[in-house]
**Q** 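First, the structure itself, so that you have it in front of you.
Start at 1 and go down the list; that is how both ligands and their atoms are numbered. The residues of the chain are indexed from 1 along the displayed sequence.
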Amino acid sequence: MTMTAEATAEAVSLDAVTRTYGPVRALDGVTWTFRRGGFTAVMGPSGSGKSTFLHCASGLDRPTEGTVRIGGVDIGRLSETKRTRLRRERIGYVFQDFNLVPSMDVEQNITLPLHLGGVRADRAWLEEVVRRVGLSDRLRHRPSELSGGQQQRAALARALVTRPEVVFADEPTGALDPRTARDVLRLLRETVDATGQTLVLVTHDPAAAAWADSVLFLSGGRIVDELADPSPSSVAARWETL
Ligand SMILES: Nc1ncnc2c1ncn2[C@@H]1O[C@H](COP(=O)(O)OP(=O)(O)OP(=O)(O)O)[C@@H](O)[C@H]1O
Ligand SMILES: [Mg+2]
């Protein structure tokens, strides 16, 4: 397959993606391209389809209709095994409900994607990620021995440790105090700027969304607006009218 310049400039693209659950159209014909190295925030009311959008865009879930391409590859045409491998190699995912493995300690959880992929840990990067999410002194703790915010930060470290091309983060600062949230957002922003990683982040917080290059607004399973160069006040103002 030949790659055009456009194909390589796009990290993930969705074409007329619909995901229904019985009568519910959780995503309703969404067409969007996330360009490489971009940081996009996704906002919208509860139930507007944000998590469904991320599940479909990341290959975790299959759309009912439409096409999803990751790095130019139509993932609908891949076998389950190949789709899983592509996800493991290229995608980092921070789940809204963390999804940590209860029987594993923090370090085992964070390095799990490396073990699954048969990749040796880059110790320096692992230590930096752990330090920057503030978990260096919690590595031997199990998730049940952590606060909600610490579990959230472990889930984030797990998504970053493989240096994925694209990170999807579903409300990764929802359980954090404002200062810790700011530290996490700064880490994400710096990772995007330094590595050209693509980041898609769901948030309900205008201050968090303002770290992004642009903000997408979802309503009723559709993209209803985009706001470039967001500030906390411009995001809050747009949110008011949603
Ligand atoms: N597994 C499922 N089975 C049935 N309906 C679902 C399922 N997952 C999501 N939905 C429905 O799809 C719609 C979108 O859900 P989704 O989780 O994407 O919303 P969201 O924007 O992430 O909301 P929140 O801000 O509360 O996390 C909702 O109406 C929800 O009830
Ligand atoms: Mg959600």
**Q** Look at Glu165 together with Arg36 and state whether they make a salt bridge at an N to O cut-off of under 4.0 Å.
**A** yes
**Q** Could you tell me the separation between the OG1 atom of Thr195 and the CZ atom of Arg163, rounded to the nearest 0.5 Å?
**A** 8.0 Å
**Q** Which residue owns the protein heavy atom closest to atom 25 (O) of ligand 1, what's the atom, and how far is it?
**A** Lys50 NZ, 2.7 Å
**Q** Return the option from Cys56, Ser48, Ser51 holding the heavy atom at the smallest distance from atom 22 (O) of ligand 1.
**A**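 Checking each option, the heavy atom nearest atom 22 (O) of ligand 1 is found in Ser51.
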**Q** By number and element, which atoms of ligand 1 are closer than 4.0 Å to a non-hydrogen atom of Gln96?
**A** 27 (O)
**Q** Output the list of atoms in ligand 1 that are nearer than 4.0 Å to some heavy atom of Pro45, sorted by atom number.
**A**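 What qualifies from ligand 1 is 21 (O).
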**Q** Among Gly220, Ala26, Gly49, whose heavy atom sits nearest atom 19 (O) of ligand 1?
**A** Gly49
**Q** Protein non-hydrogen atoms only, distance under 4.0 Å: does atom 13 (C) of ligand 1 have such a neighbour?
**A**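 Under the 4.0 Å cut-off, atom 13 (C) of ligand 1 does have protein heavy-atom neighbours.
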**Q** For ligand 1, which atoms, with element, lie under 4.0 Å from some heavy atom of His204?
**A**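 With His204 as reference, the close atoms of ligand 1 come out as 25 (O).
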**Q** Can you pull out the closest protein heavy atom to atom 28 (C) of ligand 1? Residue, atom name and distance to 0.1 Å, please.
**A** Gly47 O, 3.8 Å
**Q** Take the angle between the ring planes of Phe95 and Tyr93 and call it parallel below 30°, perpendicular above 60°, tilted in between.
**A** tilted
**Q** Which heavy atom of Gln197 sits nearest a heavy atom of Thr191, and at what distance?
**A**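 Shortest heavy-atom contact: OE1-CG2, 3.2 Å.
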**Q** Could you work out, with ring pair (Phe, Tyr, Trp, His ring centres under 6.0 Å) as the rule, every residue matching Phe168, not counting sequence neighbours?
**A** none
**Q** Hey, is the Mg ion (ligand 2) within less than 2.8 Å of some N/O/S atom on Gln96?
**A**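 So Gln96 does bind the Mg ion (ligand 2) by this criterion.
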**Q** Going by side-chain heavy atoms closer than 4.5 Å, which hydrophobic residues are tied to Val215, directly or by a chain of links?
**A**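 Listed partners: Met43, Phe217, Val224, Leu227, Val235, Trp239, Leu242.
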**Q** At a threshold of 2.8 Å, where the distance has to be below it, does the Mg ion (ligand 2) have an N, O or S atom of Ser46 nearby?
**A** no
**Q** Is it true that Ser51 and Asp170 share a donor-acceptor pair across their side chains at a distance under 3.5 Å?
**A** yes
**Q** Any N or O of Gly44 that comes nearer than 3.5 Å to an N or O of ligand 1?
**A**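 The answer is no, given that Gly44 and ligand 1 share no N or O pair closer than 3.5 Å.
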**Q** Specify the protein heavy atom at minimum distance from atom 15 (O) of ligand 1: its residue, its atom name, and the distance to 0.1 Å.
**A** Thr52 OG1, 3.8 Å
**Q** Quick one: CZ on Arg158 to CG on Leu114, what's the gap to the nearest 0.5 Å?
**A** 11.5 Å
**Q** Distance to 0.1 Å, residue and atom name: give those for the protein heavy atom nearest to atom 30 (C) of ligand 1.
**A**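 Looking only at protein heavy atoms, the one closest to atom 30 (C) of ligand 1 is Val24 CG1, 4.9 Å.
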**Q** Once you round to the nearest 0.5 Å, how far does CG of Asp105 lie from NE2 of His141?
**A** 9.5 Å
**Q** Taking only Lys NZ, Arg NE, NH1 and NH2, and the carboxylate oxygens of Asp or Glu, determine whether Arg123 and Glu107 approach each other closer than 4.0 Å.
**A**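 Yes, Arg123 and Glu107 are salt-bridged.
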**Q** Can you pull out the closest protein heavy atom to atom 3 (N) of ligand 1? Residue, atom name and distance to 0.1 Å, please.
**A** Tyr21 CD2, 3.4 Å
**Q** Give the residue, atom name and distance (to 0.1 Å) of the protein heavy atom nearest atom 26 (O) of ligand 1.
**A** Ser46 OG, 2.5 Å
**Q** Nearest protein heavy atom to atom 8 (N) of ligand 1: under 4.0 Å?
**A**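 Protein heavy atom within 4.0 Å of atom 8 (N) of ligand 1: present.
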